[in-house]
There are 2 protein chains.
Amino acid sequence: MALDDTRRGAARMRDVARVAQVSTMTVSRALMDPGKVSPEVRARVAEAVAAVGYVPNKVAGSLSSSRSKVIGLVVPSIENSLFASTIQGISDVLRRHDHQLMIADSGYSAEAEEAAIRAFLEQRVAGLILHDTTHTPDAVSMIRRSGVPVVENGTLTPEPLDMVVSYSNHDASRAMTQHLARLGYQRIAFVSLPASANQRSRDRQRGYKAALEELGHGFDPRLMLEMPPGLASGAEALLRLMEGGGHPDAIFFAGDVLAMGASLECARRGWPVPGKVAIAAFDNFDLLGHLVPPVTTLKLPRLEIGRRSAEVLLDRIQGRSSAAISVDLRFEIIHRGST
Amino acid sequence: MALDDTRRGAARMRDVARVAQVSTMTVSRALMDPGKVSPEVRARVAEAVAAVGYVPNKVAGSLSSSRSKVIGLVVPSIENSLFASTIQGISDVLRRHDHQLMIADSGYSAEAEEAAIRAFLEQRVAGLILHDTTHTPDAVSMIRRSGVPVVENGTLTPEPLDMVVSYSNHDASRAMTQHLARLGYQRIAFVSLPASANQRSRDRQRGYKAALEELGHGFDPRLMLEMPPGLASGAEALLRLMEGGGHPDAIFFAGDVLAMGASLECARRGWPVPGKVAIAAFDNFDLLGHLVPPVTTLKLPRLEIGRRSAEVLLDRIQGRSSAAISVDLRFEIIHRGST
DNA sequence: TTGTAAGCGTTATCAG
DNA sequence: CTGATAACGCTTACAA
């Protein structure tokens with residue numbers, strides 16, 4: 001009785017095989033590589049699949065073939081919308097190539113990142129994408145031993161684990177600082193997230209200082225601030241700098257939310273921008289452009305970073321490349337009314 | 001030779017067993033349920049694990065035990081920051097309970113959602129969280145047959161697949177409309193995303209109309225608009241309504257980005273808010289509060305929805321509950337300067 | 001083109 | 001507390 005399926009639970013390949021009157025191998029072939037099976041049998045199998053409501057078990061498949069179509073991604077924070085674009089880019093490409101995405105959140109901690117990486121390796125993911133570029137020694141050795149391909153994409157790190165797809169935080173920060181100088185600003189302040197927390201902030205600070213040096217501007221510690229993330233934090237940074245004795249004529253916020261907070265605080269106080277002080281930002285092209293005045297910012301290839309990360313990873317996984325490549329994506333300065 | 005590991009590839013449990021001079025079952029126990037193994041053996045196993053760099057293979061484990069610690073989540077769009085909070089909430093709870101998260105993106109299409117659900121079921125996830133509440137018939141029957149627990153959380157749907165954790169889009173929209181009326185506004189306009197796209201927009205439209213009816217305000221089609229998402233779209237909606245002959249004295253944007261676009265457009269044109277027109281929004285509590293003037297909005301429990309969704313799902317998976325519960329989380333009206 | 005047999009690396013089960 | 005053995009559901013490798 002072909003349809004006599006009294007078993008509990010999901011149908012297995014064996015059930016399909018029985019109904020289609022072929023072996024499980026033939027079912028497997030009909031599903032994985034239909035060309036290897038006669039059209040007649042292919043049709044019988046398709047029917048049987050529908051009849052029993054068969055959903056292939058990829059867990060068994062992965063174990064048997066030691067291949068997997070799951071990619072693991074670790075971001076510092078899922079909630080931060082900056083990462084959202086990159087995740088979207090990754091997700092788009094993976095879906096097109098029939099792969100799945102597992103996401104974990106490190107909360108900006110290398111220990112949590114290690115735990116996430118371990119969990120992914122336990123799931124035998126086919127590849128990893130890591131936003132951060134600093135990892136615990138154990139994380140590094142686990143990854144090395146496992147042999148899974150890895151893409152890092154938070155900053156263009158000089159010593160990658162494997163592959164990198166990013167832009168240069170250092171160069172972007174330097175370029176914006178120089179841009180402000182070219183516009184005639186003399187006392188350019190710089191606000192970033194704490195450098196201790198991550199390499200991206202450090203790179204941006206270095207870029208700022210490099211530009212000052214090239215410009216012969218001399219570094220004034222009263223013009224450099226580290227702030228926690230948040231809108232309120234940006235407003236506070238603005239006030240601290242304006243009242244701090246450094247007398248900035250422009251402030252470069254290496255963090256989009258900080259810049260937004262500062263811009264809105266100026267609006268609230270009726271301070272003319274750039275009349276009282278110019279404001280420049282890092283990232284978040286869209287929203288900053290709609291503020292009054294629209295804020296000069298760096299346009300970063302967030303979505304593209306995600307896409308390319310997924311692409312180079314898949315290339316490697318599918319054997320189309322073997323190089324430890326480093327992809328430097330372009331940033332752009334968007335000059336607007338705030339400077 | 002205990003450390004003579006000339007095999008290629010990752011160490012297996014068998015290798016650990018050999019080094020620790022026990023059977024694989026003992027290794028398995030020492031790892032899964034240390035209490036069942038003598039302290040002495042436990043220590044030997046721990047040593048062996050470290051020595052060979054063993055990373056358990058959960059793929060094999062899942063196949064053998066037919067259990068999995070992976071949860072599948074389908075959201076309409078990863079890039080949309082609204083979902084980001086919910087994802088964060090889910091991720092937090094899952095991590096605490098040692099579970100993994102797989103995410104897929106449906107791009108607001110039920111067919112893509114079905115594909116994502118199929119992929120998750122193929123991976124034999126332990127549970128599903130779906131943001132959307134409308135599904136293809138095939139998706140529904142696949143889920144039913146598989147028996148995996150499901151949480152829907154986009155809106156408080158009256159006919160859930162299984163469990164629901166959400167707030168009532170209908171009630172929230174109605175409450176805001178009534179709030180505006182209580183403030184004295186007579187001609188309250190309503191802008192939402194296209195209702196054809198999803199049930200959330202439909203619920204919000206219904207809520208608006210229900211409030212008008214209760215208030216005896218009569219529905220004026222010139223005061224209702226559907227717009228695509230985006231900042232520019234909000235600005236355009238504002239202009240269309242102000243010039244459209246409906247003469248609104250307040251506009252309720254059932255979409256945070258739309259409201260932001262409108263608010264910024266008013267700032268750009270120097271229109272006093274609420275002098276010329278009042279503005280109210282749906283969601284995105286934080287940023288809207290920093291605009292000038294700060295925008296009245298609904299505060300929705302995005303993060304909490306994520307947390308509770310994960311919690312009820314885990315409760316079910318771990319057998320602590322069996323009910324098809326429906327959790328109604330609270331929203332709040334935040335009254336600010338824009339009204 | 002199709003089938004048979006032997007794993008893949010764990011855990012369930014039952015015996016000691 | 002520990003171990004032997006048989007699954008779990010699929011794919012690889014080889015044979016027909």
Side-chain angles (χ1 to χ4, degrees), chain A residues 5 7-46 48-49 52-70 119 121-126 146, chain B residues 5 7-46 48-49 52-70 119 121-126 146:
Chain A
D5 193 337
R7 285 188 68 257
R8 292 248 126 274
R12 298 145 308 167
M13 194 176 265
R14 182 191 307 171
D15 303 316
V16 177
R18 186 164 28 75
V19 173
Q21 311 199 58
V22 292
S23 69
T24 59
M25 255 331 287
T26 300
V27 176
S28 178
R29 288 193 192 101
L31 262 29
M32 304 269 301
D33 195 352
K36 290 190 159 179
V37 152
S38 75
E40 191 190 0
V41 169
R42 204 183 306 154
R44 281 224 307 284
V45 169
V49 164
V52 304
Y54 176 61
V55 177
N57 185 333
K58 300 271 187 191
V59 175
S62 291
L63 177 60
S64 179
S65 65
S66 17
R67 275 182 274 105
S68 132
K69 293 199 168 183
V70 179
L121 294 179
E122 289 180 350
Q123 303 285 348
R124 298 299 189 261
V125 295
S146 75
Chain B
D5 193 337
R7 283 189 70 256
R8 292 247 125 275
R12 298 144 308 167
M13 194 176 266
R14 181 191 306 172
D15 304 316
V16 177
R18 187 165 26 77
V19 173
Q21 311 201 57
V22 293
S23 70
T24 60
M25 255 331 287
T26 299
V27 175
S28 179
R29 287 193 192 100
L31 262 28
M32 304 269 301
D33 196 351
K36 290 191 161 180
V37 153
S38 75
E40 191 189 1
V41 168
R42 203 184 307 152
R44 279 221 310 281
V45 169
V49 164
V52 304
Y54 175 61
V55 177
N57 185 333
K58 300 272 187 193
V59 175
S62 290
L63 177 60
S64 180
S65 65
S66 14
R67 275 181 275 105
S68 131
K69 293 198 167 183
V70 179
L121 295 179
E122 290 181 349
Q123 303 285 348
R124 297 300 189 262
V125 295
S146 75

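Residue numbers start from 1 in every chain, and the chains themselves are labelled A, B, ... in the order their sequence lines are given, proteins ahead of strands.
- A:Arg18 places its CZ atom 13 Å from the P atom of D:dG9, with the value rounded to the nearest Å.
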Contacts table for residues 36-46 of chain B: side-chain donor-acceptor under 3.5 angstrom, sequence neighbours left out:
from, atom 1, to, atom 2, distance (Å)
B:Ser38, OG, B:Val41, N, 3.3
B:Arg42, NE, B:Pro34, O, 3.3
B:Arg42, NH2, B:Val37, O, 3.1
B:Arg44, NE, B:Ala20, O, 2.8
B:Arg44, NH2, B:Ala20, O, 3.2

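- Pairing each heavy atom of B:Leu121 with each of B:Ser146, the nearest pair is CD2-OG, 3.7 Å.
- When rounded to the nearest whole Å, the span between CZ of B:Arg44 and C1' of D:dT2 equals 11 Å.
- Taking side-chain N and O atoms only, A:Tyr54 has no distance below 4.0 Å to OP1 or OP2 of D:dG9.
- In this structure, CZ of A:Arg12 is placed 8 Å from P of D:dC10, rounded to the nearest angstrom.
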*Which letter, B, S or -, goes with each nucleotide of nucleotides 11-16 of chain D from 5' to 3', with contact meaning a protein heavy atom under 4.0 Å?*
BBB---

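- For the helix from C:dT1-D:dA16 to C:dG16-D:dC1, the rotation axes defined at the first and last 5 base pairs enclose an angle of 30°, given to the nearest 10°.
- If you take CZ on A:Arg12 and CZ on A:Arg18, they are separated by 7.5 Å, rounding to the nearest 0.5 Å.
- As rounded to whole Å, 12 Å separates atom P of C:dG9 from atom CG of B:Leu63.
- The nucleotide whose nearest atom lies closest to any side-chain atom of A:Arg14 is, among C:dT2, D:dT2, D:dC8, D:dC8.
- Side-chain atoms of A:Ser23 lie closest to C:dG3 of the nucleotides C:dG3, C:dT1, D:dG9.
- A:Val22 comes within 4.0 angstrom of the backbone, heavy atoms only, and of no base.
- Heavy-atom nearest nucleotides on DNA chain D were determined for B:Gln21 and for A:Val59, and the one closer to the 5' end corresponds to B:Gln21.
- To the nearest angstrom, P of C:dA12 lies 11 Å from CG of B:Asp33.
- Here the straight-line distance linking atom NZ of A:Lys58 with atom CG of B:Leu63 works out to 14.5 Å at 0.5 Å rounding.
- Under 4.0 angstrom from either OP1 or OP2 of D:dG3 there lies at least one side-chain N or O belonging to B:Thr26.
- Residue B:Arg124 contributes atom CZ, which lies 11 Å from atom C1' of D:dC10 at whole-angstrom precision.
- No contact: B:Ser66 has no heavy atom under 4.0 Å from any strand.
- Between the C1' atom of C:dG9 and the CG atom of B:Asn57 lies a distance of 6 Å, rounded to the nearest Å.
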